[in-house]
There are 2 protein chains.
Amino acid sequence: MAFSTDSLTFTADGLIPAIAQDAASGEILMMAWMNAESVERTLETGRVTYWSRSRQAFWVKGESSGHVQELVDLRVDCDRDCLLVLVRQTGPACHTNRRSCFYTAIRDGQEVELMEPEV
Amino acid sequence: MAFSTDSLTFTADGLIPAIAQDAASGEILMMAWMNAESVERTLETGRVTYWSRSRQAFWVKGESSGHVQELVDLRVDCDRDCLLVLVRQTGPACHTNRRSCFYTAIRDGQEVELMEPEV
């Protein structure tokens, strides 16, 4: 069946959450948002392209930092209201220079930092 | 540092997205939503507990199906507006009886089904 972004369910703001996973290691890198056109741009260019809610602009991941995400596979969930992008990540994914944004664990009521910023 | 759900950023509806990942295989199983109390219940009970937006009720994953998610680790992202739960998943995570909700890939403009329902 041909894919169309018309089949996706977007929020009232026209957005859909996209989870980025390292295609090689399986590590979850980050979660950000896409609109219909950023899904299309991601599929067309192979460069993962989010929608920045703060800047209200397309956000080609790594465009300024060089920490690009090359698309390996794009997946849609059963409800069609969430995307999973498997990527080849160059450098750290997080703006804190950590590999993943999910570097804080909650264990026995305490916050535990799992990763250092890369240098 | 002691963890408090007060440090999380919730949507206007009081919700935060939670990504469930199989702790052993690294597979992404599903994405659902939590409110502050479901985060607390998940940490206290070790049973992953979402907030069902359709039913407007707590949703102890697997309570009716038996396909429970036992919490292995809970992580918060840098912006504190997304959670990652690493789980031990009993049975399929998806309501379609597939292991993961992300069973549809988009390849060359076509939808490709990656998983069959388990029996």
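We name chains A, B, ... by the order of the sequence lines, and we start the count at 1 in each one.
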Count the heavy atoms of every other residue, nucleotide or ligand shown that sit under 6.0 Å from [atom1] of [X], and state whether that count exceeds 12.
X	atom1	answer
Glu111(A)	CD	yes
Glu63(A)	CD	no
Glu116(B)	CD	no

Chain B contacts, top residue of Asp81(A), Thr96(A), Ile28(A) (heavy-atom pairs, under 4.5 Å): Ile28(A)

Choice from [options] maximising heavy atom contacts with chain A below 4.5 Å:
options	result
Ala105(B), Cys78(B), Ser7(B)	Cys78(B)
His95(B), Met1(B), Arg107(B), Met31(B)	Met1(B)
Ser4(B), Ser25(B), Cys101(B)	Cys101(B)

Toward chain B, the part of Ile19(A) with a non-hydrogen atom under 4.5 Å: side chain

Heavy-atom contact with chain B under 4.5 Å, split by part of Leu114(A): side chain

So for [X], is it side chain, backbone, both, or neither that comes closer than 4.5 Å to the heavy atoms of chain A?
X	answer
Leu43(B)	side chain
Asp79(B)	side chain
Gln21(B)	side chain
Arg80(B)	side chain
Cys82(B)	both

Heavy-atom side-chain contact between Arg47(B) and Lys61(B) under 4.5 Å: no

Arg75(A) NZ/CZ over Phe102(B) ring centroid, <6.0 Å and within 45° of normal: no

Joint hydrophobic cluster, Phe3(B) plus Tyr103(A), side-chain heavy atoms closer than 4.5 Å: no

Separation of Ile106(A) CD1 from Asp108(A) CG (nearest 0.5 Å): 11.0 Å

With Ser64(B) via side chain to side chain donor-acceptor pair (under 3.5 Å) - residues at least two apart: none

